[in-house]
2 protein chains.
Amino acid sequence: MAVASSGRAEPRVRLSRDRVLRTAIELADAAGIDALTMRKLGDELGVEAMSLYNHVSNKDDLQNGMIDFVFSEIDLPPQPADWRSAMRVRAISLREALARHPWATGLMDSGAAPGHSTLGHHDWVIGALRAGGLSIALTAHAFSVLDSYIYGFAMQENALPFETPDQSAEMAQMMLAQFPANEFPHLAELMREHVLAPGYNYGEEFEVGLELILDGLERARWSE
Amino acid sequence: MAVASSGRAEPRVRLSRDRVLRTAIELADAAGIDALTMRKLGDELGVEAMSLYNHVSNKDDLQNGMIDFVFSEIDLPPQPADWRSAMRVRAISLREALARHPWATGLMDSGAAPGHSTLGHHDWVIGALRAGGLSIALTAHAFSVLDSYIYGFAMQENALPFETPDQSAEMAQMMLAQFPANEFPHLAELMREHVLAPGYNYGEEFEVGLELILDGLERARWSE
DNA sequence: ACCTGAACACCGTTCAAGT
DNA sequence: ACCTGAACACCGTTCAAGT
């Protein structure tokens, strides 16, 4: 019996929701979210697209499942030491997960009900803040400002039209050259003296902003 | 002469990139980004989809143009008083624009080169920070933390599975009811005592986090 | 210079039919 | 219970042809 002719087809392994989601994530990571179609995903699994509908109810369900899977990858220490380092560890883990799966932020504005892992993640965060002695109101503030910052940073990082420092220098040069001198003088200055400086790496901004926010929360906690 | 038969078709007004972009934004605002197809957009303009390609080079170009249009809508005071109130005004305006156009955050992770209005917006922000006496390094920090926060907050707001306080109460009830009691105790507590409290409105969190970040930047400026 | 009709290579999803 | 083939109603985009 000949092996299936389709290029990526894998041998007949039982399909499952878990396998569908994992493969969808691999495909989106490797080829971008636009390349994630039901047909290509079926191909990758050695199956017709229509078979996927036995394991996800439709493409929205697939995408929500993928988001929840990202949260399930983030493991959080069972007993956070103090609330501040718990928040730091968690923020860094979440940002890493969102960088590993750059399509995730783009799928998150769907208004779908959060999945089980996502809720578990949120519960852990809220629990760590409450255990650290923050009031409910301050916990809500902390949750909002931290998540907004983390998601927004990940989004901006994905939006950058470059990835390596070399590319960033090239890009900055291009942007500066493209416009009449001094049309954007302050932007040009920032590029010239900061972005184009040797060793510049936007990713390092993450922890700067994170500590600023954690300082602010700590101060708010004192004055409660 | 009879009016064109297509439902939404408008009388023959000259097409232009500007009119294409404006109509695309109206369509996306009203019907969601998924409803924005070249064919429906053509319909809305009383024209075949293929005509659009005389004014935008493809759908990516259309979407980038829409993003830049959102930035062009945000007008910023020519002479910011002090840097802190300049940042506050600008943050609030940007958040309002992103709430008015909920599809915008989802299109921003494309890695496309920013448009003219977007660069002008950035230039204004950097200029206001520099005029306020912040160093280049601190300006870069401020720019990163503020934009991340604003974009992330807008994204979270769009992601909320409810819009009115009534819907939020209903949603919270559903989420709590859906899971075994005490599976997510901290989340449940926050819902019960905060989200379900009368007068709760997530949008009000925006300025809380904003002031926390502005405080942090002000403190960093003192110690420079 | 701008618009169109026909066509191409795709999509997500359904449904009856197979095993 | 799970998988498939054929079909439907869509997509973005091209290209030669019209005005």
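All chains are named by letter (A, B, ...) in the order of the sequence lines, taking the proteins before the strands, and each is independently numbered beginning at 1.
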Test of understanding: with side chain to side chain donor-acceptor pair (under 3.5 Å), list the residues that count as partners of A:His194, not counting sequence neighbours.
none
N or O in side chain of A:Ser51 less than 4.0 angstrom from D:dT4 OP1/OP2
yes
Pair A:Ser148, B:Tyr151 - check side-chain hydrogen bond (donor to acceptor under 3.5 Å, both in side chains), show working.
CA-CA 7 Å; A:Ser148 294; B:Tyr151 293 145; over 6 Å; no
Apply side chain to side chain donor-acceptor pair (under 3.5 Å) to B:Tyr149 and list each qualifying residue two or more places apart in sequence or on a separate chain.
none
Rounded to the Å, how far apart are A:Asp43 CG and D:dC3 P?
15 Å
Can you list, in residue-number order, the parts of residues 52-61 of chain A that come under 4.0 Å of DNA chain D, counting heavy atoms only?
A:Asn54, A:His55
Donor-acceptor contact present, side-chain A:Arg90 to main-chain A:Val125, <3.5 Å:
no
Answer yes or no: does a side-chain N or O of A:Lys40 lie under 4.0 Å from OP1 or OP2 of C:dC10?
no
Give me each pair satisfying salt bridge (Lys or Arg N to Asp or Glu O under 4.0 Å) with a member in residues 115-130 of chain A, each pair once, sequence neighbours excluded.
A:Arg130-B:Glu189
Considering only side-chain heavy atoms of A:Glu48, which listed nucleotide, D:dC3, D:dT4, D:dC2, is closest?
D:dT4
Which nucleotide sits closest to the side chain of A:Arg39: C:dT13, D:dT13, C:dC2?
C:dT13
Symbol by symbol from the 5' end, with Watson-Crick or G-U pairs under 3.5 Å, [ ] crossing and | another strand, DNA chain D is ||.|||||...|||||.||
Once side chain to side chain donor-acceptor pair (under 3.5 Å) is applied, do any residues pair with B:Arg22, and if so which ones, sequence neighbours excluded?
B:Asp18
Ranking D:dC3, D:dA7, C:dG5 by distance to the side chain of B:Met50, first place goes to C:dG5
Please report the distance, rounded to the nearest Å, between CE in A:Met38 and C1' in D:dC10.
16 Å
If you look only at pairs with a residue in residues 89-110 of chain B, which of them pass as a ring-ring contact (aromatic ring centres under 6.0 Å, His included), with sequence neighbours excluded?
B:His101-B:Trp103
Which residue pairs pass the ring-ring contact (aromatic ring centres under 6.0 Å, His included) test with at least one member in residues 25-75 of chain A, sequence neighbours excluded?
A:Phe71-A:His121
Got a sec, which residues hit salt bridge (charged side-chain N to carboxylate O under 4.0 Å, His left out) with A:Asp29, two or more places apart in sequence or on another chain?
none
Holding to side-chain contact (heavy atoms from CB on, under 4.5 Å), I want the full list of residues that pass it with A:Val56, two or more places apart in sequence or in another chain.
A:Arg17, A:Val20, A:Met38, A:Asp61, A:Leu62
Near DNA chain C, counting only heavy atoms under 4.0 Å, which residues of residues 28-37 of chain B show up?
none
What integer distance in Å separates A:Leu41:CG from C:dC11:P?
12 Å
Quick one: list whatever passes side chain to side chain donor-acceptor pair (under 3.5 Å) with A:Ser51, sequence neighbours left out.
none
